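Encoded as structure tokens, the structure appears first; notes follow it.
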Protein chains: 2
Amino acid sequence: MPPAKKFGLQYFCKTIQILSKEGLNSRLNMKTTEGDQKPVIGTAEPVEGERPTLKTIAFMAGLGVTTVSRALKDAPEIGQATKNRVQLIAKQIGYRPNRAGVRLRTGKTNVISLVLNAQSEIMGLTSNMVYGISEVLSETPYHLTVTPYSVKNDPMQPIRYIVETGSADGIIMSRTEPNDPRVRYLTEHGIPFATHGRTEMGIEHPFHDFDNEAFAYLSVKSLLARGRRRIAMLAGPSPSVTYYRHLHRGFSRAVEEGGASTVAVSDIDVDTSLGRIRNRMEEIMSASNRPDGIVCCSGSAAIALVAGIEAAGLKIGGDVDLVSKQSTDVLQWFRPQIIVFNEDVRHAGRELARAVLRRIAGVDARELQSLSYPDEHDLRS
Amino acid sequence: MPPAKKFGLQYFCKTIQILSKEGLNSRLNMKTTEGDQKPVIGTAEPVEGERPTLKTIAFMAGLGVTTVSRALKDAPEIGQATKNRVQLIAKQIGYRPNRAGVRLRTGKTNVISLVLNAQSEIMGLTSNMVYGISEVLSETPYHLTVTPYSVKNDPMQPIRYIVETGSADGIIMSRTEPNDPRVRYLTEHGIPFATHGRTEMGIEHPFHDFDNEAFAYLSVKSLLARGRRRIAMLAGPSPSVTYYRHLHRGFSRAVEEGGASTVAVSDIDVDTSLGRIRNRMEEIMSASNRPDGIVCCSGSAAIALVAGIEAAGLKIGGDVDLVSKQSTDVLQWFRPQIIVFNEDVRHAGRELARAVLRRIAGVDARELQSLSYPDEHDLRS
DNA sequence: TCCCAAATCTGAAACGTTACAGGTAGGCTA
DNA sequence: TAGCCTACCTGTAACGTTTCAGATTTGGGA
């Protein structure tokens with residue numbers, strides 16, 4: 001008979017005592033050492049190839065499955081000694097709850113879903129977001145699943161899918177619109193979520209946002225400080241996305257305050273292909289009323305902008321200044337040097353993950369709203 | 001009594017007939033229209049707030065749950081008429097199998113896990129990989145979960161977790177090593193996987209790889225064609241990663257063939273911070289034995305390289321030429337123009353996803369190995 | 001007319017977990 | 001001593017699915 005290796009004699013005895021009740025062994029349907037009827041008990045190694053379940057622990061501890069389940073989650077009706085013992089066994093045999101079992105019984109998935117637009121990739125945004133979220137989730141039982149959708153498709157589609165199939169406990173999504181149907185839908189259905197970006201629909205929900213108004217304002221200010229008077233902006237996607245408005249608000253305010261004028265940049269935005277941005281920029285910079293200061297809200301677009309500007313025979317820093325937002329540090333090393341403000345998307349990911357988790361835990365949405373501010377790195381000053 | 005809206009009289013009658021057996025209604029535990037005993041049947045709308053299950057369909061069709069389950073997966077022992085009927089009902093009420101139920105019963109998770117190194121982000125790699133994979137999975141019942149690990153941690157850790165908890169049906173991972181313990185472990189455990197990158201351990205497994213040897217070879221060739229004689233390379237991560245060797249093989253071969261010489265680039269690689277790359281590059285380019293041609297295998301590193309080169313007072317295209325791999329199209333617009341070869345990571349993601357799925361389906365590993373070739377975009381020629 | 005096989009269909013059990021509704025033992029009060 | 005309360009533990013049922021081992025029906029051959 002194998003000795004009760006690490007659990008001490010008491011557990012062994014208790015188990016034997018339980019075993020003496022007739023039929024228990026077969027009722028528990030446990031593996032036995034071949035030939036005789038003595039089951040493998042008391043050993044602390046993960047003995048069987050199969051994954052341990054509550055039943056395994058219950059068998060080893062000589063307890064009921066229910067008791068084990070409760071002991072593992074520190075329920076008040078279980079004695080402290082029992083809890084300690086159960087938790088020790090669980091740890092030693094490497095017990096991990098079966099997620100399918102939990103999910104089937106409770107409906108809890110332990111999944112957070114990141115819903116992403118697969119078309120509009122702003123340099124480094126997706127990856128940093130993913131890593132930021134993972135960083136937080138890795139210390140929890142939650143897993144991250146990614147649910148992308150094409151910009152041509154209905155953004156509601158993945159959301160509906162998740163809700164209808166109950167495939168996540170919480171959702172993180174970006175590119176919010178002022179009146180965002182996803183926010184309305186999820187709120188109505190009581191599904192916890194957090195958005196990267198704000199809305200303007202009177203619904204309080206968790207969000208994290210970069211202060212694009214401040215970014216645009218500061219960007220224009222720094223252009224004005226360099227004596228630029230004719231300011232243009234390559235803005236966030238379509239006007240339907242909320243931060244487009246923030247950008248324009250900050251932009252207009254700074255331009256007005258500085259008594260400068262604006263030059264419209266039509267036909268292109270940060271979702272446009274870099275080739276088109278370059279070409280259109282060349283046109284714009286070749287016109288007589290060309291801007292002498294440009295604000296850009298995407299790092300990769302900025303590189304294309306520069307290409308267009310130079311194609312028009314103009315010089316950054318001389319004929320025109322450029323300020324850009326960046327979400328990696330690549331632009332820091334880009335020549336000609338441009339003025340950059342950093343958006344820490346990884347941090348945003350962390351904030352969003354924390355927000356959904358706390359929302360799931362029942363925290364009021366208003367406590368889960370945060371803003372982060374542009375961080376200027378002007379390498380030229 | 002509600003009419004059998006869309007299913008025709010026969011189903012209605014059949015249902016009624018079934019219902020007439022006493023107790024069936026309560027046995028099925030179905031909701032009934034309040035007051036009387038007539039259950040809601042035959043209606044094709046998703047009537048109840050609750051999600052339909054097999055039981056719902058069974059009830060509506062007047063069949064057993066088992067039959068419905070089988071009918072939905074086209075089992076041979078079910079009559080064609082029944083199949084059609086069941087599938088129609090399922091479609092109309094929007095039935096979707098409960099993943100937890102399936103997973104608990106069969107052990108199949110319908111999840112593919114992408115295991116990622118969260119530190120070494122090569123510009124655009126992660127996001128494009130994610131999108132490529134999703135593109136393929138979106139047409140299947142599979143979901144994508146992302147499991148990142150820090151480069152400081154044991155790369156085996158996430159793999160072990162997935163295997164031990166059975167949390168995915170297949171795994172996609174990158175940064176393979178010639179003798180990769182993950183590949184060995186997964187092969188031994190019979191878990192389907194596909195790697196981005198090859199191994200050299202005599203184990204046949206599905207992979208997709210970019211031909212880095214060809215990339216390095218062609219890069220050096222194009223430098224030689226420009227009259228460059230002293231060639232250097234900023235190589236892939238540590239020598240422990242397989243593609244490092246491929247790069248060097250292609251590099252050495254081309255250098256030898258051209259009778260050129262090499263300049264070692266020590267202390268930095270594509271995993272190093274861009275700031276260090278820039279500074280180190282400035283040192284290297286200030287030395288007397290500086291290279292006049294450089295190969296770089298990461299787009300973001302290339303930008304830092306250029307910064308270092310220019311800091312040393314040298315001119316790209318004049319004093320030195322630079323070739324870089326890129327996995328987005330950003331470098332296309334970068335000035336000074338450098339020679340670029342494209343690696344289509346999104347395509348790699350698609351290939352990898354298809355490979356795991358086919359591996360799960362039992363296809364031989366040797367049929368699931370593919371290579372993609374560098375695609376030159378030299379804007380200067 | 002009867003019987004057998006093929007064609008369809010069926011309920012029960014099981015996967016691992018948690019919720020529910022108890023059960024038992026021991027100590028305290030009356 | 002009985003009765004009751006508390007502390008601790010228990011078995012059963014259920015979540016939705018698939019598998020197993022039949023059950024029923026149908027049709028054809030003898």
Side-chain angles (χ1 to χ4, degrees), chain A residues 14 17-18 21 23-24 26-30 48 50-59 61-86 90 93 95-110 141 164-167, chain B residues 14 17-18 21 23-24 27-30 50-59 61-86 90 93 95-110 141 164-167:
Chain A
K14 176 100 186 232
Q17 164 200 341
I18 300 288
K21 292 182 191 170
L24 178 109
S26 71
R27 180 174 59 78
L28 278 177
N29 192 29
M30 296 303 289
E48 336 200 11
E50 284 160 36
R51 219 177 128 189
T53 70
L54 288 181
K55 203 150 77 170
T56 315
I57 301 178
F59 176 73
L63 289 169
V65 176
T66 307
T67 310
V68 173
S69 170
R70 295 218 265 236
L72 287 175
K73 44 177 65 64
D74 251 336
E77 57 267 76
I78 305 295
Q80 193 53 51
T82 307
K83 281 184 195 170
N84 293 342
R85 187 154 58 97
V86 167
I93 65 175
Y95 168 77
R96 293 167 187 277
N98 180 311
R99 310 180 119 239
V102 176
R103 179 163 167 182
L104 181 57
R105 177 65 236 232
T106 65
K108 182 150 208 286
T109 62
N110 282 303
E164 283 167 13
T165 62
S167 53
Chain B
K14 176 101 186 226
Q17 163 200 341
I18 298 287
K21 293 183 190 169
L24 179 109
R27 181 174 58 79
L28 279 175
N29 192 27
M30 298 302 291
E50 283 160 36
R51 219 178 127 188
T53 70
L54 288 181
K55 203 150 77 170
T56 316
I57 301 178
F59 176 73
L63 289 168
V65 177
T66 308
T67 310
V68 173
S69 171
R70 294 218 265 237
L72 287 176
K73 45 177 64 63
D74 251 336
E77 58 267 73
I78 304 296
Q80 194 53 53
T82 308
K83 281 183 195 171
N84 293 343
R85 185 154 58 98
V86 167
I93 65 175
Y95 168 78
R96 292 167 188 276
N98 179 312
R99 310 182 118 235
V102 176
R103 179 164 169 182
L104 182 56
R105 176 65 233 232
T106 64
K108 181 148 210 287
T109 61
N110 282 303
E164 283 168 14
T165 61
S167 52

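By convention in this document, chain letters (A, B, ...) are assigned in the order of the sequence lines, proteins followed by strands, and residues within each chain are numbered from 1. Computed from a prediction, not measured in an experiment: that's the story for all the values here.
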Next item on the list: Assign B:T106 to base, sugar-phosphate, or nothing according to its heavy-atom contacts below 4.0 angstrom with the strands shown.
Entry: sugar-phosphate
Next item on the list: Would you mind reading off the distance between B:N98 atom CG and C:dT17 atom P, rounded to a whole angstrom?
Entry: 16 Å
Next item on the list: Would you kindly check whether a donor in the side chain of B:R105 faces an acceptor in the base of D:dT17, or vice versa, at under 3.5 angstrom?
Entry: no
Item checked: Sugar-phosphate, base or nothing in reach of A:I78, heavy atoms under 4.0 Å -> sugar-phosphate
Check: How many Å lie between CZ on A:R70 and P on D:dT10, as a whole number?
Finding: 10 Å
Check: Within the structure shown, what part of the strands sits under 4.0 Å from A:K108 by heavy-atom distance: base, sugar-phosphate, or nothing?
Finding: nothing
Check: Among D:dG16, D:dA13, C:dA12, which is the nearest nucleotide to the side chain of B:T66?
Finding: C:dA12
Margin query: Using a 4.0 Å heavy-atom cut-off, does A:T53 contact any base of the nucleic acid, only the sugar-phosphate backbone, or nothing at all?
Written below: sugar-phosphate
Checklist line | B:R51 backbone acceptor or donor facing B:R96 side chain under 3.5 Å | finding: no
Notebook entry, point to check: Is any side-chain N or O of B:R99 under 3.5 Å from a base N or O of D:dT17, one able to act as donor and the other as acceptor?
Noted result: no
Note to self: Quick check on D:dT18: is either OP1 or OP2 less than 4.0 Å from any side-chain nitrogen or oxygen of B:K73?
What the structure shows: yes
Next item on the list: Could you check which of C:dC15, D:dC9, C:dT17 has an atom nearest any side-chain atom of A:V65?
Entry: C:dT17
